[in-house]
Amino acid sequence: MSPVSAAGAVAVGPTPLLPDLGPVRARLRSLATTARTVRSAGYVHLLAAQVAPLGVSFLLTMVSATLLGPERRGVLTFLMTGSLLVGALAYGSLHVPVVDGLRSGDGRSLRHGVRLVAGIWLLLTTAGAAVAFLARPASPTADPGTAFQVGLVLVGGAIAVTQLFAGRVLQGLAENSRYVRVVVGQAALYLVGTGAVLLATRSPLLMFGTWYVSVLGGLVLAVGHLRTVLQERAPHADGGPSWRSFARSATANNVGSIGQMVMLRADVLVVGLVLGPVATGVYGIALSLTELALIAPEVFALAVYGNRARMADASWVAHVRRTVRVNLVLAVAAAAVIAAAGFLLVQGPLASYRGLVPLMLIVLPGVVLAGYTRIALSALQALGATVPVWRFGVLALVLSLGFLPGALLGVTGPAVVSSVAYGLTALFLHVQLRTRLAGVAR
C-alpha cells in the first residue's frame, strides 16, 4: 500500500508519548567524557596553581599601585621583575633533563641538577649580598640607589632559582596535586606578609622582603613533597647520563627558556634604567594587567609537557592541536576583557598612571602571541627537539636587543618591540611545531 492516502496526506505512525532522549543522552556522555579528560590532563590542579599566585599578585599590584604611587611602585617593580628575570636566566629549564631521567627511574640526573642549582644559588647570593652591602643607603629612609637594588635583585634571583627547580621537577613528574599545594601555600604567605607590610608602612623594600620569605616558604614545601615522591619512586643512582650529557641537554633547553623570559621581563628593566622609576611604575602595571591573559596558556603549556609521558603519540598530538585551538579562543576573549578593565581602572584608582591604556593596547597583541609560544615551546621540549628550542632562544635574545633603542624613543618603544618580537618568534615556533607533530603522527 502506498504511504500516501487517497486525500494526498502522508501516512505517519502513532505519535510517541515521550520525546526522543537519544541526543540528550549523547550530549551528557560527551560532557562526562570532557570532564574526565580535564581531570586526567591535570587542568584543574594546574589552573589552581596559576590562578592562586596570579590572583594574589593582581590584588596586591592594584592595592600597592594605589598606595605607593608610580615612583615607589616603580622601585618595587624593578626589584620583583629583576629577581624573577635573574632567576629565570640562571635557571632556564634545568628540570627538563632531571625529569626525563626520573621518569625512566634514573636518579643521577637529579644529583647533577641539585649540585648545579646549589652552585648557582651560592654564586648569586654571595655576589648580591656583597653589592647590596657596599651600596647600602645611608639610612633606612634614604632613597635606595640603583646599585643597592641590583644587589637585592641578585639575592632574590638566587632564591627564585632554587624554588623554580624544586617546583618544576615536582610538576614535571605529573604530581599536580602536590605542585598546587606548593604554589597556593607560597601565594598565601605572600598575601599575608605583604598585606601586613602595606598596613604598617609604604616601604617597597619591606614588600620585597615579604616576597623573598614567601618564595623561601614555597621552596621548603616543594622540597618536602619532592622527597616524598622520590621515596615512593625509589630511582636508582647507577648509570644514567654523564655530567657532559646532562649539561648539553640542559643548555639547549635553557637557551630557549632564557630567550622567552628575556622577552617577557627585560623590557621592564630597560625602562627602569633608561626612563626612571615613574615610567617603570606605569609600564610595570601595564604588563601586570596584560599578563593575566597568560593564565590559560601557562596551564596548557604545563599540561602539554606533563601529558607527553602518559599519552600515546597520536593522542598526544591531537591533545596539542586541540589545546592550541582552545587557547586562541580564550586568549582573544581575555584580551578584550583586560582592555576594557584598563579603561575602567584609569578612571578610578589608577588615574595617576598616565598613558597606561595606550601601553596596554600596544602590548596585548604580543601577549596573545606569547601564550602560543609558551605552549609550542613546551611541546617541543616534551618531544626532545633541542635544536628548534635553542634556535628560538637565540632568535628571542636577538630581537630583545631592540628594547634599548626602543626605550630611547619613549615608554611606548619597548612595548612595540615586545609585540613585534612575539609575533616573529610565534611564527618560527609554529613552523617548527607543525613539522614535528606531523612526523610524530605518522
Side-chain angles (χ1 to χ4, degrees), residues 48-65 67-68 72-91 114 117-118 120-133 135-137 140-141 144 148-171 178-227 265 284 288:
Q50 293 303 307
V51 170
L54 283 176
V56 169
S57 177
F58 178 75
L59 173 63
L60 293 177
T61 295
M62 293 298 100
V63 173
S64 63
L67 297 179
L68 298 181
R72 282 184 293 183
R73 175 64 205 182
V75 173
L76 180 61
T77 299
F78 184 87
L79 293 174
M80 298 281 287
T81 303
S83 296
L84 293 174
L85 179 59
V86 168
L89 292 178
Y91 167 74
V114 169
V117 168
I120 293 172
W121 175 85
L122 181 61
L123 177 63
L124 289 177
T125 300
T126 303
V131 171
F133 177 78
R136 65 190 185 278
T141 58
F148 179 73
Q149 294 180 54
V150 169
L152 294 183
V153 161
L154 293 176
V155 174
I159 195 65
V161 169
T162 57
Q163 197 277 340
L164 280 170
F165 178 76
R168 288 305 175 91
V169 170
L170 195 64
Q171 190 278 322
R178 289 183 167 116
Y179 176 67
V180 74
R181 291 174 203 161
V182 171
V183 175
V184 172
Q186 179 177 324
L189 285 174
Y190 182 47
L191 177 62
V192 172
T194 304
V197 169
L198 283 173
L199 289 174
T201 181
R202 300 292 184 266
S203 170
L205 298 181
L206 288 179
M207 291 182 66
F208 176 74
T210 61
W211 170 82
Y212 185 97
V213 171
S214 71
V215 176
L216 180 60
L219 171 63
V220 173
L221 289 173
V223 170
H225 285 307
L226 193 55
R227 288 183 61 183
R265 301 291 182 187
S288 296

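The shown structure was predicted, so the numbers you read here are calculated from the model rather than taken from an experiment.
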Donor-acceptor check, side chain of Arg227 to backbone of Gly224, threshold 3.5 angstrom: yes or no? no

Flag, side chain of Thr201 to backbone of Val197, donor-acceptor distance under 3.5 Å: no

Distance in Å, [X] [atom1] paired with [Y] [atom2], rounded so as to fall on 0.5 Å steps:
{"X": "Leu219", "Y": "Leu226", "atom1": "CG", "atom2": "CG", "answer": "10.5 Å"}
{"X": "Leu189", "Y": "Leu221", "atom1": "CG", "atom2": "CG", "answer": "7.5 Å"}
{"X": "Thr162", "Y": "Ile120", "atom1": "OG1", "atom2": "CD1", "answer": "10.5 Å"}
{"X": "Ser288", "Y": "Met80", "atom1": "OG", "atom2": "CE", "answer": "9.0 Å"}
{"X": "Leu216", "Y": "Gln186", "atom1": "CG", "atom2": "CD", "answer": "9.5 Å"}

Between Leu79 and Trp211, does a side-chain contact (heavy atoms from CB on, under 4.5 Å) hold up when you go through it step by step? CA-CA 10 Å; Leu79 293 174; Trp211 170 82; over 6 Å; no

Considering non-hydrogen atoms only, spot the tightest contact between [X] and [Y] and give its length.
{"X": "Leu154", "Y": "Gly128", "result": "CB-CA, 3.6 Å"}
{"X": "Thr125", "Y": "Ala158", "result": "OG1-CB, 3.2 Å"}
{"X": "His225", "Y": "Leu170", "result": "CB-CD2, 3.9 Å"}
{"X": "Ala160", "Y": "Gly87", "result": "CB-CA, 4.2 Å"}
{"X": "Val161", "Y": "Ala90", "result": "CG2-CB, 3.7 Å"}
{"X": "Gln149", "Y": "Phe78", "result": "OE1-CD2, 3.4 Å"}

Are Leu205 and Phe148 close enough, and set up right, to give a side-chain contact (heavy atoms from CB on, under 4.5 Å), and what steps lead you there? CA-CA 11 Å; Leu205 298 181; Phe148 179 73; 4.1 Å; yes

Set of residues satisfying salt bridge (charged side-chain N to carboxylate O under 4.0 Å, His left out) with respect to Arg181, sequence neighbours excluded: none

Do you know which of Leu76, Thr210, Leu199 makes side chain to side chain contact (heavy atoms under 4.5 Å, CB included) with Thr194? Thr210

Summary of salt bridge (charged side-chain N to carboxylate O under 4.0 Å, His left out) pairs that have at least one residue in residues 81-90, sequence neighbours excluded: none

